[in-house]
Structure formats: structure tokens, C-alpha cells
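Heads up, the thing below is written out as C-alpha cells.
Protein chains get the first letters and strands the later ones, always in sequence-line order, with residue 1 at the start of each.
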Amino acid sequence: MNLFEQMTDFVRAQVAAINPAWPLDRITVETPKDPTHGEMATNAAMVLAKEAGMPPRQLAEQIAEKLRAHPQVAEVTLAGPGFINIKFKPEFWRTLVPDILRAGATFGTSDIGQGEKVNVEFVSANPTGPMHAGHVRGAVIGDAVVRLLRAAGYDVTAEYYFNDAGAQVDVLARTAYLRYREALGETVEIPEGFYPGEYLKDVGAALAARDGKKWLDKNETEWLVPIRTFAVDEMMKMIREDLALIGIRHDVFTNERELVEGGLLETAFKILDDKGLIYVGMLPPPKGKEMDDWEPAELTLFRSSQFGDNSDRPLKKRDGSWTYAMPDIAYHLDKIQRGFTTLINVWGTDHMAYQDRIKPAVTVFSDGKARLDVIFNNMVKVFKNGEPVKLSKRSGNIITLREMVEQVGAGAVRFMMLTRDPKSPLDFDFAKVVEQSKDNPVFYVQYAHARICSVMRHAAEAVADLKTDDAALAQADLAHLDAPAEIAMIRKLSEWPRIVAAAAQVHEPHRIAFYLQDLAAELHALWTAGKDDAQLRFILPDQPEKTRARLALLRASALVIAAGLGIIGVEPAQQM
RNA sequence: GCGCCCGUAGCUCAGUGGAUAGAGCGCUGCCCUCCGGAGGCAGAGGUCAGAGGUUCGAAUCCUCUCGGGCGCGCCA
């Protein structure tokens with residue numbers, strides 16, 4: 001239990017002691033934005049004023065009196081409309097430092113997820129080419145959500161869904177076949193509409209190596225399926241390797257073909273039909289859009305409009321075959337059948353409206369017990385030398401994930417992708433992410449960690465017989481931590497567990513990145529204070545005990561930075 | 001036309017219903033010549049797009065308006 005939870009419990013207990021009938025759930029304890037308001041503040045008096053039948057300030061005084069009984073509370077004051085501000089004795093904060101040192105990497109983790117089964121589906125690019133700039137953001141966000149939710153005690157499955165049953169993979173197979181002939185010595189030309197990328201040459205060569213001339217004189221009906229299977233496998237292998245470059249590994253790969261062949265589409269359709277949600281009818285043509293070829297027709301429709309969609313949706317085409325939406329609907333049935341109660345999908349903003357078709361299905365299949373949260377991630381604008389890079393598949397001008405990682409490193413790519421709310425467009429500037437300056441958040445946070453490592457290295461030399469392992473530092477006499485800036489640092493560290501919990505609950509890993517920047521700022525400020533005033537330096541050769549206390553605080557800070565970077569999936573730097 | 005998302009400092013953006021709305025960049029003025037330089041401190045800069053509503057309290061929740069983005073097919 002973190003310090004805020006402890007205080008929340010304490011405040012609620014004191015309120016209950018005044019009147020057991022009052023509701024406690026709306027009482028919160030938080031950090032006031034303005035530090036002069038105290039170190040923690042509670043809204044208890046304001047939320048209960050009505051029940052108590054007295055003005056908030058008057059109730060606040062009663063509660064405040066109770067809070068003053070806490071042995072570690074130094075001061076309780078009232079302010080504003082009825083806030084109760086609490087200031088603690090320094091010991092209250094200091095106890096956190098050895099707690100962090102002992103908890104190590106687990107500090108900040110919790111069990112608020114209570115083992116709930118969560119499925120995070122991300123990347124899910126079709127197996128037709130390498131990972132590129134357009135995939136990176138969603139990939140990193142998805143992976144960070146996985147790490148975040150695991151830290152908060154959820155049972156998370158990282159999943160990749162790919163479509164290996166559509167027209168795209170047939171084109172892939174045909175392209176691979178041409179490259180295969182090329183590998184066997186022919187001169188080939190890749191027609192318009194095929195995949196022009198060089199990477200398929202390797203696939204052709206591998207196929208030639210495996211099967212020799214076996215397919216040369218066969219016609220397409222014979223080679224299409226085996227070569228498609230081969231090519232898809234190769235593409236997925238490549239994609240996995242690409243993702244591994246930035247530390248992403250999915251637990252489960254699900255493909256459309258198996259769902260279709262397993263009859264799941266029929267099953268899903270039957271469930272909807274049995275619930276009376278299927279009918280045959282006619283849809284009006286979409287308005288505001290040119291529809292030259294619109295022909296009214298009777299179609300098999302899903303009453304998705306009953307669940308928030310703005311129109312019912314066709315599940316079968318006029319010829320009786322399934323529409324595009326159907327495999328996805330069936331896939332989400334599959335997830336629910338596997339026992340997930342929270343489904344998280346990471347999609348580009350161009351699929352924004354598509355959630356309205358999937359959410360109704362999830363609601364129906366789970367009887368409202370499962371929820372689908374789609375995280376939409378906006379565009380990444382890539383800059384090189386300060387100039388925006390125009391990306392287009394057709395001109396073959398793509399920036400691959402591999403290229404990004406090789407140029408700036410996996411950690412920088414990952415951190416950068418989380419420095420904005422997913423819905424916000426993001427600039428990725430090759431020059432900026434490796435810049436060693438304050439306005440590069442990756443550097444700024446890493447530098448803070450590296451500075452601490454540097455101090456630890458120097459400490460061993462500067463002070464004889466100084467034990468600097470975490471266990472020894474946890475024994476340090478922390479009464480030496482008496483500077484306001486040091487206590488402020490500890491307060492910042494104390495927020496970490498609730499940052500993780502809150503970020504996990506709303507599926508927003510970028511909050512971790514923002515917290516890390518705040519934390520790094522505190523650290524840099526502490527560091528610079530030592531330059532202005534020699535007594536504030538971390539290492540004081542003639543005061544080993546004080547030095548130990550400060551090193552304990554630094555190590556605790558480094559552990560939290562490392563934990564935060566861990567959720568983002570970045571290795572903390574030992575030196576720059 | 002309909003749906004979803006966005007609108008916060010000059011720029012790029014944070015901000016789980018709380019107090020005087022924050023950070024970086026840019027601007028102004030300082031400090032730091034080394035525990036490790038790439039940092040730190042301070043200042044100027046805001047009708048939180050607008051109008052109603054809910055609430056003790058709204059940038060945050062609801063409704064409407066304006067502006068921008070993405071979508072809206074028997075394509076995938």
C-alpha cells in the first residue's frame with residue numbers, strides 16, 4: 001500500500017469515527033498543485049458538507065482535529081472552500097526511501113488489476129512487408145500498455161491478428177512467385193499492383209532453395225496456395241524480427257484463415273441471429289458522398305444501431321458471401337470465448353468509425369460483461385534534417401522500423417513514441433531524438449539516470465569504506481535528509497505507485513513518460529543545487545553518514561527512473 | 001447530411017471534478033568553468049474556441065454553436 005492509500009484509509013477512518021453513516025467513497029487524498037498548500041490535501045469536508053448539514057469549513061475543522069492525532073502529521077490547516085491541507089514530519093517521507101531500496105524494481109507495481117484477463121491487440125499489420133514508420137507508434141503504444149498493465153497486476157496477453165485470407169496475400173504470393181522465377185535465373189518485371197519491395201527477392205530465393213524448379217512449369221492453381229503459405233510465413237518471420245528490434249514480442253498470433261476454416265464466422269452469425277439481431281433489409285445510400293454505382297439491394301443486416309452504431313451493417317454481400325466486417329466480428333467472439341473481459345485494440349485514427357461496428361458485437365457476445373477500448377493513435381510525421389519526409393508506399397519511399405532503430409536506437413524510438421497522447425499527431429525528428437539537450441526528453445531522462453550512476457561510481461572512490469549497495473543504503477540514517485529539496489524529491493517518488501495505477505486504469509502509458517520527465521527535472525535541480533552550495537553536494541568526503549543518506553535517496557530515484565523506463569521498454573543508461 | 005476525435009501561452013503539447021491552469025521551445029535577465037559538459041533559477045506571456053447546464057467546485061461531465069482532422073460501400 002502506498003503512502004496515499006495509507007492516508008486515504010486514515011482520513012476515511014477518522015471521518016467514520018465522527019459519523020459512521022457518512023459515505024466515504026468520494027473522499028480522496030491527493031497532492032495539491034501548489035506546494036504551499038501542504039503536502040497532501042483531502043476534499044473530505046467538501047464532499048460531506050451536505051450529509052453533515054453544516055458548512056464545509058466547520059466540518060473541516062472537526063475532521064482536521066482528528067487528523068492532528070496522526071503521529072507523523074506535523075500540521076493540518078484549512079483553506080479555500082474547505083480543503084484540509086496536511087503537512088507531515090520529515091520522517092513520514094523518509095521512510096519511503098528504504099522501502100524503495102528494498103522493493104527495487106517492484107516498487108510501484110500493484111495488484112489493482114486483480115488478475116483480470118486482458119487482451120491487447122496491436123500492430124496487426126497484414127503480412128505483406130516489413131515494419132515501417134507507420135506501424136511504429138501503434139506498436140510501441142500497444143507494447144507499453146502490455147507492460148503497464150502487467151505492472152498493475154493484470155493478466156495480459158499481447159496479441160497480433162493478421163489477415164492471411166484476403167486478396168492482399170494472393171498478390172503477395174504472385175509477387176513471390178515472380179521473385180522465385182527470378183531467383184532461378186529469369187528476368188522478371190514486377191507489374192503494377194504487385195509488391196515492388198526488394199525484400200521479396202529473399203523470399204523468392206529461399207523458395208528456390210527449398211523447392212528447386214518444382215513450380216516453374218506449374219500453373220497458378222497449383223502453386224498459389226503453397227507459395228502463399230510460404231510467403232506469409234516468411235513475412236511473419238520478418239515482422240517478428242523487426243518487432244524484436246524494439247523489444248516487442250507478442251504472445252499470440254491469430255490469423256483470419258484459421259477462424260474462417262474453423263467455422264467461427266458461422267458461429268458468430270448464429271449467435272447474433274438467435275438473439276434476433278439479424279434481418280434482411282435495405283440500407284439508404286450514404287449521404288454527402290458521391291455514389292455513382294449505388295444500387296439498392298436487400299442485404300443481410302446486423303442491428304448494430306441498437307448498440308450505438310449509426311447504421312445497421314451488412315454482414316453478407318448480395319452474393320451471399322461474408323462482408324469485410326464479419327471476420328473481425330468473429331475474431332472478437334473468439335477473444336471473448338477465450339475469457340478476456342477487457343479487450344484493448346490499438347488502431348490508427350483512420351479506423352475511428354470502425355469501432356462502432358465492433359463494439360456492438362462485443363457487447364452482444366459477452367452479454368455486456370466485456371468491454372472494448374480502442375486506443376487510436378494519430379500520424380507520425382517524420383523529419384530528416386529539419387525537413388518533413390514524404391512517405392508513400394507507391395513511390396517506394398518508406399522509412400523502415402529497422403532504419404529508425406539503426407539510426408537512433410530502440411530506446412529513443414520507443415520513448416519518443418510515448419511523449420504525446422496517442423490521439424495527438426507526433427513529430428519524429430531523426431536529429432532531435434539523438435540531440436543531447438534539455439528539449440530532447442529521451443536524453444533528459446536518461447541523463448538523470450546516468451548522473452546518479454556517475455555519483456555512485458565516484459562515491460566509492462571519494463569516501464573510504466562506504467558501502468553503496470542497496471541493502472546497505474537502506475540502513476542509512478535518513479535524518480540527514482533535511483533539505484527541503486530532498487524531501488520534495490521523496491514526495492515526487494511517492495507519487496510513482498499512483499501514477500502507474502492511474503495510467504494502467506485508463507490505458508495511457510504516455511503518462512509514465514511525462515512523469516519521468518518531471519522526476520528527471522527534480523533530479524537535475526538537486527544536482528545543480530550542489531553547484532551553488534557545496535554543502536548540498538551528494539558526496540561529502542568528511543561526512544560519510546550524510547553522504548550515505550544522500551546516496552540512498554539517489555539510488556531510490558534511479559530505481560524509480562529505471563522502473564518507469566522499464567514500462568516504456570527502454571534500458572536505463574549507465575553513462576551518456 | 002451522419003458518426004468519432006481534437007480545439008489549452010507566440011510554437012509543440014501535458015493536465016484520473018479541486019484551490020492562483022503547467023512543461024519544453026522561443027523571448028528577457030541571471031547562476032554553473034568541471035561529484036560528469038550537454039544543466040539550473042527567475043520574469044514576461046492565458047476570455048482553457050464560444051454559449052448555456054449539472055456541481056460546494058468544471059479545461060475536465062452534459063447540451064448546443066463555431067473551427068479543424070478522420071471516417072461514413074455489397075473495398076479491404
For nucleotides [N] and [M], find the distance between their [atom1] atoms and express it as a whole number of Å.
N	M	atom1	answer
A59(B)	G46(B)	C1'	12 Å
A21(B)	G67(B)	C1'	23 Å
U63(B)	G69(B)	C1'	23 Å
C61(B)	C25(B)	C1'	33 Å
G39(B)	C32(B)	C1'	8 Å
G3(B)	G18(B)	C1'	33 Å
A58(B)	A19(B)	P	10 Å
G15(B)	U20(B)	C1'	16 Å

Does any nucleotide pair with [N] by Watson-Crick or G-U wobble geometry, both distances under 3.5 Å, and what is it?
N	result
C41(B)	G29(B)
C64(B)	G50(B)
C56(B)	G18(B)
C70(B)	G3(B)
C35(B)	none
G24(B)	C11(B)

With heavy atoms under 4.0 Å as the rule, sort [X] into base, sugar-phosphate or nothing.
X	answer
F376(A)	nothing
Q355(A)	sugar-phosphate
P314(A)	sugar-phosphate
D319(A)	nothing
Q168(A)	sugar-phosphate
R318(A)	base
K50(A)	sugar-phosphate

Can you tell me how far [atom2] of [Y] sits from [atom1] of [X], rounded to the nearest 0.5 angstrom?
X	Y	atom1	atom2	answer
T528(A)	L536(A)	OG1	CG	11.0 Å
R420(A)	H510(A)	CZ	NE2	10.5 Å
F302(A)	D312(A)	CZ	CG	8.5 Å

Can you identify which nucleotide, out of [options], has its nearest atom closest to the [X] side chain?
X	options	answer
Y444(A)	G39(B), G69(B), A76(B)	G39(B)
D356(A)	G40(B), G71(B), G3(B)	G3(B)
Y324(A)	C72(B), A76(B), C35(B)	A76(B)

Rounding to an integer number of Å, can you tell me how far [X] [atom1] sits from [N] [atom2]?
X	N	atom1	atom2	answer
L48(A)	G57(B)	CG	P	16 Å
D309(A)	C72(B)	CG	P	13 Å
H524(A)	A23(B)	NE2	P	16 Å
N378(A)	G7(B)	CG	P	12 Å
H458(A)	C35(B)	NE2	C1'	6 Å
D518(A)	G24(B)	CG	P	10 Å
D373(A)	C5(B)	CG	C1'	14 Å
F307(A)	C4(B)	CZ	P	17 Å

Contact nearer the 5' end of RNA chain B, comparing R26(A) with Y447(A): Y447(A)
5' precedence on RNA chain B between R313(A) and A521(A) (nearest-nucleotide basis): A521(A)
Verify, without hydrogens or angle tests, whether [X] (side chain) and [Y] (backbone) share a donor-acceptor contact under 3.5 angstrom.
X	Y	value
H37(A)	K33(A)	no
E486(A)	A483(A)	yes
R511(A)	A503(A)	no

side-chain N/O K438(A) vs G39(B) OP1/OP2, d < 4.0 Å: no
Y354(A) vs C5(B): side-chain N/O to OP1/OP2 distance below 4.0 Å: no
Contact pattern, 5' to 3', of nucleotides 10-22 of chain B - B, S or - by protein heavy atom under 4.0 Å: --SSSSB-BB---
Within the 6.0 Å centroid threshold, strictly below: Y331(A) and Y161(A): yes
Heavy-atom side-chain contact between R451(A) and W527(A) under 4.5 Å: yes
Lys/Arg-Asp/Glu bridge criterion (N-O < 4.0 Å) met for K432(A), E435(A): no
Test: K423(A) cationic atom under 6.0 Å from F376(A) six-membered ring centre, within 45° of axis: no
